[in-house]
2 protein chains.
Amino acid sequence: MTGAAAKTARADAPTLSVRGNGTRELSGREFAAQLRLEVGARATELTAAGTPPRLAVVVATADDSSAWYVRSIKRAAEQAGIACDIRDLGADATPGAIRAELTALGADPAVHGIILQTPLPDGLALQDLADAIPPAKDIDGANPLSLGRLVTGLPAYAPATAAAVVALLEHHKVELNGRYVAVIGRSSVVGKPLAHLLLDRNATVTVCHSRTRDLAALTSAADVVVAAVGRAGLVRAEHVRDGAVVIDVGTNPTADGGLAGDADAASVATRASALTPVPGGVGPVTTALLLRHTVQAAERARE
Amino acid sequence: MTGAAAKTARADAPTLSVRGNGTRELSGREFAAQLRLEVGARATELTAAGTPPRLAVVVATADDSSAWYVRSIKRAAEQAGIACDIRDLGADATPGAIRAELTALGADPAVHGIILQTPLPDGLALQDLADAIPPAKDIDGANPLSLGRLVTGLPAYAPATAAAVVALLEHHKVELNGRYVAVIGRSSVVGKPLAHLLLDRNATVTVCHSRTRDLAALTSAADVVVAAVGRAGLVRAEHVRDGAVVIDVGTNPTADGGLAGDADAASVATRASALTPVPGGVGPVTTALLLRHTVQAAERARE
């Protein structure tokens, strides 16, 4: 059954059909462009004031999609007037070499933001190395101290993907106060920090994951469903209540070299009132927020 | 209607009546006694090996119930063979004085565990000062770094109350893997760290709070309900599904000088299969875990 046929078949269920036909695309592109303009203006001011903002990305992988992503950050940074250094330590970098690089960048007053790109060499984990990034430069919230500060309500940069989900919802005026949000995925870079950001906005939050029984029963009670699990097409109509908002954090590579989200968009659209596209949803906002965090860090370095 | 009458009235609803009649008390007293015995044996070994374990409690309040609690920790510590120093800085202690004391205790090799007791003087917050407690001695998980490490899966002491909830559930063989747990309360000392401990055990977790709409609808879907909100009697039968386990973290002072939990025990017992008492449930386990963390810290200091 095609999407159109599904909608026709639902004609006797007016609320579903209305929602199905009217699913809004919560694009991140225009919002990201607006964020990048704001960042560009702040970068220009910083540069004029003698503090040209600078981002450093530490890479220790030969992974292709990672290289593509890092180049896209560099391009976006430079377009916004932020210098971006890529420090490629190679896929066989030792933990000592990675720590030494992070420590040197942490001590360099010309560098305001530091990203440790994943994946890392086999056996190394982000949270074991990211404590070498000073929280004031930890613009992707990778240092466990940043996360702990976030959870206890102290100032800290949130992981940019988690921050992008909330920023995108707020940009599109999706109410969070008092609403019920189901987050699918419990990673420490998305699901867990996102749960805290949502709680801070007075949402009631359920964190679901691969061991959750009867996922659809839980998520279909939610006003907002966030899919951050890394499995293409996992979220379908049965996971979503009529009129819910769906945020798709998934970026799963497809056979043809494209990207697929965690949601089956055609299926979800029969119920959801709004859905983020992949690509073009959370992704561009994430990159823009990394840049915004970098200018914030540069501004704070001047205080 | 008395509890007995309620049960009689439910005689035509066999599952409820069976559950109601058979509500198990999940006592923490025997488990805490068992933990203290284990701690005592480890403390004896440590002392024999030349490392007598030592706990320091920094107090900066004139609050009566806090003084009572600190004395009870000291008594329990000493009974288990752990020296316990109370450093009373007075209710008008400055942040500088509190930090200096924590820093000195952090540097003292004879001290293995440090607690910064709340409440603190007006305008001071635990998370603003607890970063002066080295994570290796942070046996109540108050330093934001400890919390961040916990969330990212690195070794860290969890806040003792949150750890006590999980330990009590595990002691009483309540399955968490794949189960649905509703936590009522989002504090950074109980609700939030507890959510992480539960996720680590593969539970699906909902965090509810004062702004949650239709609390009963959410909590009555859960296999386990944890009440950690600080409002006597908030959780009643309608919040609990038939057969659920209820853990009551509340310790609300009553008019007659006693303690009341967040659950209305008589009401909850008509549905719950098991319920922790207050006092005598989570409380004694929390104290015992503070002592266990202290001997762990002393053992690690020897490594």
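Fair warning: this is a prediction, and the values are worked out from it, not measured in the lab.
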Response to the item:
The reported gap from CG in A/L55 to NE2 in A/H293 (rounded to nearest 0.5 angstrom) is 12.0 Å
Fill in: Spatial distance of atom OG1 (B/T251) from atom CG (B/D262) [nearest 0.5 Å]
8.0 Å
Fill in: A/A203, part contacting chain B, at a heavy-atom distance under 4.5 Å
backbone
Fill in: Side chain to side chain, B/S273 and B/V245, heavy atoms closer than 4.5 Å
yes
Worksheet item: By side-chain contact (heavy atoms from CB on, under 4.5 Å), which residues pair with A/D63, not counting sequence neighbours?
Response: A/T61, A/S65, A/S66, A/P119
Worksheet item: Taking C-beta and beyond as the side chain, do A/V249 and A/V165 meet within less than 4.5 Å on heavy atoms?
Response: yes
Worksheet item: How about residues 131-148 of chain A versus chain B: which residues have heavy atoms under 4.5 Å apart?
Response: A/P144, A/L145, A/L147, A/G148
Discussion item. Is A/L154 close to chain B through its backbone or its side chain, or both, or neither, when contacts mean heavy atoms under 4.5 Å?
Written reply: side chain
Practice prompt. Drop me the distance from B/L120's CG to B/L89's CG, to the nearest 0.5 angstrom.
Written response: 10.0 Å
Worksheet item: What pair of heavy atoms forms the shortest contact from B/N252 to B/G261, and how long is it?
Response: ND2-O, 3.2 Å
Worksheet entry | Residues in residues 111-118 of chain A near chain B [non-hydrogen atoms, under 4.5 Å] | none
Fill in: Interface residues of residues 206-216 of chain B facing chain A - heavy atom cut-off under 4.5 Å
B/T206, B/V207, B/C208, B/H209, B/R211, B/T212, B/R213
Worksheet entry | Short N-O contact, A/R271 and A/E238, less than 4.0 angstrom | no
Discussion item. So, taking the atom named OG1 in A/T103 and the one named CZ in A/R99, what distance separates them when rounded to the nearest 0.5 Å?
Written reply: 7.0 Å
Discussion item. I need the minimum non-hydrogen distance between B/A158 and B/A163, along with the two atoms involved.
Written reply: CB-CB, 4.2 Å
Item to complete: Report the distance from atom CG of A/L198 to atom OG1 of A/T204, rounding to the nearest 0.5 Å.
Response: 10.5 Å
Worksheet item: Would you call B/R241 and B/D223 a salt bridge, using N to O less than 4.0 angstrom?
Response: yes
Worksheet item: Given that the side chain runs from C-beta out, which part of B/L218 has a heavy atom under 4.5 Å from chain A: side chain, backbone, both or neither?
Response: side chain
Worksheet entry | Shortest non-hydrogen separation from B/S267 to B/A237 and the atoms involved | OG-N, 2.8 Å
Discussion item. Please determine whether a side-chain nitrogen of the Lys or Arg among A/D200 and B/K192 lies less than 4.0 Å from a carboxylate oxygen of the Asp or Glu.
Written reply: yes
